[in-house]
Amino acid sequence: LDLDLTADPFGYGFSIAGGGASRGPITVSSIEKDSPADRIGVMQVGDRLITINGIALVGMNLDDVCKMIRESGGHMLLHLEFDVADGVKPTSGVFDVRLYKNTTSLGLTINGGEGDGMWISQVKTGGVAYRSGLVECGDGLMAINSVPVGAATLSEAAGMLRDSTDIVVLQICKKERQADVDVDDAVEFTVELVRRGRSLGITLNGSTLPGEPIYVSDIREDGVVFRTGALQKGDIILSINDKSLRTFNVPQAVRMLEEVGDRVQLKIQRASKRSYSSDSDSQLSSLATASFPSP
């Protein structure tokens, strides 16, 4: 993990221990609350310092490393090593993850709310959630500390995470990710459509959770897509105007289409042999279907 750390008037806010041939690697021994090291959200006690400003610390004693930090001029580039929890990682189902909030941030971002479902949209490398080895981008978030978040707004759920104490229990909904299309038996291509104020005339289908394929389930005869013959039912949309849909669900993809201009560029994946699933999320969430009308 590479960190760009800038000191405040009180310093960097972390202490180190170890060093030398007999005492092992230089490690972070403590982190001051609300310090630069704490606010960055990914440094933790026990992390191993490998380099400072490109200089390897192997074999150096503690005093020499402390001197390097004091003489760094208030800015350092650190390379750290850390261990990720080793255990059984569920590939699907609903389960609880206990996170120990030993820094200001859990190192994750949530999205959704108000009927769209709640999910993990980003997991910061090196953060608390990342090191658990159990939380991934696209996982559904069902509850925080036993409080369901299905009906919560995004700000309410974010407040629950911020206000939580030292231990945060997340109820995670994870679906085993299986490609609806065999990549070895599929083609990818890009199409550009010019609407001129007309409807694309397509219906999108897929999961209410992100990370699942979003595909064309219907093409209306009065729309631009039907007249061009560019798309087929079952085509998976990978991106819209170069914006990947990897972390999007159907309602978000539809909103994106509504906000683009007259020219729409779609990256498409199509099975060479027609094979796609319309019930990819029957266990974990309801399917979302949305037509794309004229703007």
Side-chain angles (χ1 to χ4, degrees), residues 1 41-47 81-180 205-214 244-253 277-288:
L1 174 67
V42 293
M43 180 184 285
Q44 295 189 30
V45 172
D47 287 353
E81 283 187 352
F82 56 86
D83 298 320
V84 175
D86 186 18
V88 177
K89 180 179 180 180
T91 58
S92 63
V94 178
F95 55 93
D96 289 343
V97 178
R98 294 172 63 88
L99 301 177
Y100 294 87
K101 197 176 179 182
N102 51 8
T103 64
T104 299
S105 170
L106 290 173
L108 56 81
T109 303
I110 59 175
N111 210 332
E114 300 185 58
D116 281 347
M118 197 82 66
W119 64 89
I120 310 295
S121 58
Q122 183 181 18
V123 179
K124 194 172 184 178
T125 302
V128 175
Y130 178 90
R131 297 182 191 221
S132 74
L134 297 172
V135 182
E136 297 178 305
C137 178
D139 287 348
L141 180 61
M142 313 300 289
I144 300 172
N145 292 333
S146 301
V147 179
V149 295
T153 65
L154 184 60
S155 60
E156 288 171 341
M160 293 168 64
L161 290 175
R162 283 194 304 268
D163 298 338
S164 58
T165 55
D166 293 340
I167 299 178
V168 184
V169 180
L170 305 181
Q171 188 177 69
I172 295 295
C173 177
K174 189 185 295 287
K175 186 182 186 302
E176 187 172 3
R177 285 164 171 77
Q178 297 178 343
D180 286 48
N205 209 331
S207 172
T208 56
L209 293 178
E212 300 295 331
I214 295 174
S244 172
L245 300 186
R246 179 179 175 83
T247 60
F248 283 64
N249 62 12
V250 170
Q252 290 178 312
S277 171
S278 63
D279 58 353
S280 60
D281 216 11
S282 58
Q283 178 185 358
L284 303 184
S285 68
S286 60
L287 287 173

Quiz item: Residues in side-chain contact (heavy atoms from CB on, under 4.5 Å) with V147, at least two apart?
Solution: M160

Quiz item: Considering all heavy atoms of both residues, which atom of V168 and which atom of S164 are nearest to each other, and what is their separation?
Solution: CG2-OG, 3.1 Å

Quiz item: Would you say L154 and M118 make side-chain contact, with heavy atoms under 4.5 Å?
Solution: yes

Practice problem: Answer yes or no: is there a side-chain heavy-atom contact under 4.5 Å between V94 and Q171? | Solution: yes

Exercise. Kindly say whether V169 contributes a backbone atom to a donor-acceptor pair with the side chain of N145 at under 3.5 angstrom?
Key: yes

Practice problem: List for me each residue that meets salt bridge (Lys or Arg N to Asp or Glu O under 4.0 Å) alongside E81, sequence neighbours excluded, and say none if there are none. | Solution: R48

Practice problem: Check whether any side-chain heavy atom of I110 lies under 4.5 Å from a side-chain heavy atom of I120, and answer yes or no. | Solution: yes

Exercise. Sequence neighbours left out, what passes side-chain contact (heavy atoms from CB on, under 4.5 Å) with R162? Give chain and number order.
Key: A158

Practice problem: Can you see which heavy atom on G127 is nearest to which on Q44, and at what distance? | Solution: C-NE2, 4.0 Å

Quiz item: Taking only residues two or more places apart in sequence, or in another chain, which ones meet S155 in a side-chain hydrogen bond (donor to acceptor under 3.5 Å, both in side chains)?
Solution: T153

Practice problem: Test side-chain contact (heavy atoms from CB on, under 4.5 Å) on I167 and R98 and set out the steps. | Solution: CA-CA 7 Å; I167 299 178; R98 294 172 63 88; 3.5 Å; yes

Quiz item: Considering all heavy atoms of both residues, which atom of L108 and which atom of A129 are nearest to each other, and what is their separation?
Solution: CD2-CB, 3.6 Å

Quiz prompt | G126 backbone acceptor or donor facing R131 side chain under 3.5 Å | solution = yes

Quiz item: With sequence neighbours excluded, what pairs up with T125 under the side-chain contact (heavy atoms from CB on, under 4.5 Å) test?
Solution: L1, Y130

Exercise. Hey, could you give me the CG/CG distance between L99 and D166, rounded to the nearest 0.5 Å?
Key: 12.5 Å

Self-check item: Partners meeting side-chain hydrogen bond (donor to acceptor under 3.5 Å, both in side chains) with Q122 (sequence neighbours left out)
Solution: T109

Quiz item: Do L134 and L170 have side-chain heavy atoms sitting under 4.5 Å apart?
Solution: no

Quiz prompt | side-chain contact (heavy atoms from CB on, under 4.5 Å) involving A253 - partner list, sequence neighbours excluded | solution = L204, I214, L245

